[in-house]
Number of protein chains: 2
Amino acid sequence: MKDKVKLDRIDLKILKILQANAKITNAQLAQEIGLSPAPTLERVKKLETSGVIKSYHAKLNTQKVGLGVSTFVMVTLKGHNKDNIEIFTESISEIDEIIECHHVTGSGDFILKIIAEDIAAYQKLMLERVTNIEVVDNMQSLVILSTFKDSKVMPIP
Amino acid sequence: MKDKVKLDRIDLKILKILQANAKITNAQLAQEIGLSPAPTLERVKKLETSGVIKSYHAKLNTQKVGLGVSTFVMVTLKGHNKDNIEIFTESISEIDEIIECHHVTGSGDFILKIIAEDIAAYQKLMLERVTNIEVVDNMQSLVILSTFKDSKVMPIP
DNA sequence: CTTCGCGCCAAATATTATTTGGTAAATCAA
DNA sequence: TTGATTTACCAAATAATATTTGGCGCGAAG
């Protein structure tokens with residue numbers, strides 16, 4: 001359940017389409033891939049139960065829901081040991097504004113993506129909930145000025 | 001069409017639910033927010049047409065589709081002028097493996113998220129298609145070792 | 001106070017998903 | 001190679017779900 005799954009040309013087509021538009025009807029999907037609805041649905045269900053498709057999500061316009069500030073934050077921990085990493089990731093998991101947390105190579109240890117209402121809210125969040133996580137040594141914020149690309153379609157062959 | 005939209009408590013509930021699970025049926029959604037199906041659907045449609053909900057996407061398991069390497073890349077351009085930025089973003093837009101491109105504050109100018117099959121494919125991509133974009137001065141890759149959080153639910157009040 | 005517009009509901013209808021039963025092609029063991 | 005078995009497919013019936021309709025009640029504006 002962790003390794004690559006065998007996917008034929010049609011499966012890949014389905015995945016591309018559903019990544020770009022999860023709301024397509026089964027009949028339309030069937031037509032686009034050149035099969036009838038029944039086997040199309042079977043394939044989609046199989047992709048779901050096998051875990052190739054993890055979930056389906058609505059994508060929002062951040063401005064319109066009043067979330068004006070997005071940032072990436074590069075974090076260095078005080079020590080790179082397992083305990084500290086666990087303390088850090090558990091602290092992170094409780095903070096809704098941190099929507100991504102990746103362990104990365106390079107000068108820092110982690111990179112976070114954070115979303116807040118405005119700069120004031122962002123500052124408050126950082127000061128009161130993030131900066132004071134005990135194992136954090138250093139943080140550098142990169143504020144997103146504009147986003148040119150934010151594709152939900154991965155480059156599958 | 002660019003500013004915050006008025007959303008009541010029920011709209012916010014709908015948005016939270018659809019971000020977490022876009023495949024919920026209208027009847028279930030109606031029940032969870034405490035309305036009947038008809039006005040529930042009306043609200044969802046209104047959120048869609050007003051652009052609060054931009055789109056719906058399937059989220060895939062990268063391992064299972066054979067995409068083993070994800071990275072963040074911090075890019076510095078040779079000049080921070082408008083022309084160079086345009087040249088850069090247009091070059092970027094043609095490369096499917098670059099799924100995100102944000103203009104950011106800080107030492108670099110842009111941060112990219114890139115997905116590839118493996119390290120070899122990643123190296124090839126960078127050497128042949130990214131590094132040689134003329135306006136690029138410097139790039140630093142951060143390879144994602146593991147992801148602890150990747151939420152599709154934004155922190156709306 | 002009354003009228004309008006909005007948001008809601010229940011129930012009818014339309015659309016879509018899902019199941020069913022059966023056929024043909026691909027796979028494999030003998 | 002052949003016969004058995006599985007797999008993938010299709011058309012059409014059925015079940016589930018979305019969507020429309022008509023009407024009610026409430027709050028705001030005149």
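What you see is a predicted model, and the numbers here were worked out from it, not measured in a lab. Numbers restart at 1 for each chain; the letters A, B, ... are given by sequence-line order, proteins then strands.
A donor-acceptor pair under 3.5 Å links the side-chain atoms of A:Gln19 to the main chain of A:Met154, judged by distance alone. Side chain of B:Ser55 to backbone of A:Lys59: no donor-acceptor contact under 3.5 angstrom is found.
For the pair B:Lys45 and D:dA18, the criterion of a side-chain N or O lying under 4.0 Å from OP1 or OP2 is not met.
Atom CG in A:Leu41 sits about 5 Å away from atom P in C:dT18, given to the nearest Å. The nearest whole Å value for the distance from the CG atom in B:Leu35 to the C1' atom in C:dC6 is 14 Å. Between B:Gln31 atom CD and C:dA10 atom P the separation is 13 Å, expressed in whole Å. With rounding to whole Å, B:Lys6 atom NZ is found 12 Å from C:dG7 atom P. Between A:Glu48 atom CD and C:dA17 atom P the separation is 12 Å, expressed in whole Å. Atom CD1 of B:Ile14 and atom C1' of C:dC8 are 13 Å apart (whole Å). Computed from coordinates, the B:Lys23 NZ to C:dT16 P distance equals 14 Å when rounded to whole Å. Across the protein-nucleic acid pair, A:Ile10 atom CD1 and C:dA25 atom P stand 16 Å apart, rounded to whole Å.
The listed nucleotides are C:dA17, D:dA8, D:dA18; the one nearest the side chain of A:Lys46 is D:dA8. Candidate nucleotides C:dC8, C:dA10, D:dA18 were compared by shortest atom distance to the side chain of B:Arg43, and C:dC8 ranks first. Ranking C:dC8, D:dT17, D:dC10 by closeness to the A:Pro39 side chain, first place goes to D:dC10.
Side-chain contact between B:Glu97 and B:Val130 is absent, with no heavy-atom pair separated by less than 4.5 Å.
Of the residues near DNA chain C, A:Glu42 and A:Ile24, the one whose nearest nucleotide (by heavy atom distance) lies more toward the 5' end is A:Ile24. Nearer to the 5' terminus of DNA chain C, by closest-nucleotide assignment, is the contact made by B:Ser36 (compared with the other of A:Ala27 and B:Ser36).
By the 6.0 Å contact criterion, CD on B:Gln31 is open, its count of non-hydrogen atoms from other residues, nucleotides or ligands being 12 or less.
Rounding to the nearest 0.5 Å gives a distance of 6.5 Å between CD1 of B:Ile115 and CG of B:Leu67.
Using a 4.0 Å heavy-atom distance criterion, A:Ala38 is classed as a base contact. Across all strands shown, B:Thr25 has heavy atoms under 4.0 Å from sugar-phosphate atoms exclusively, and none from any base.
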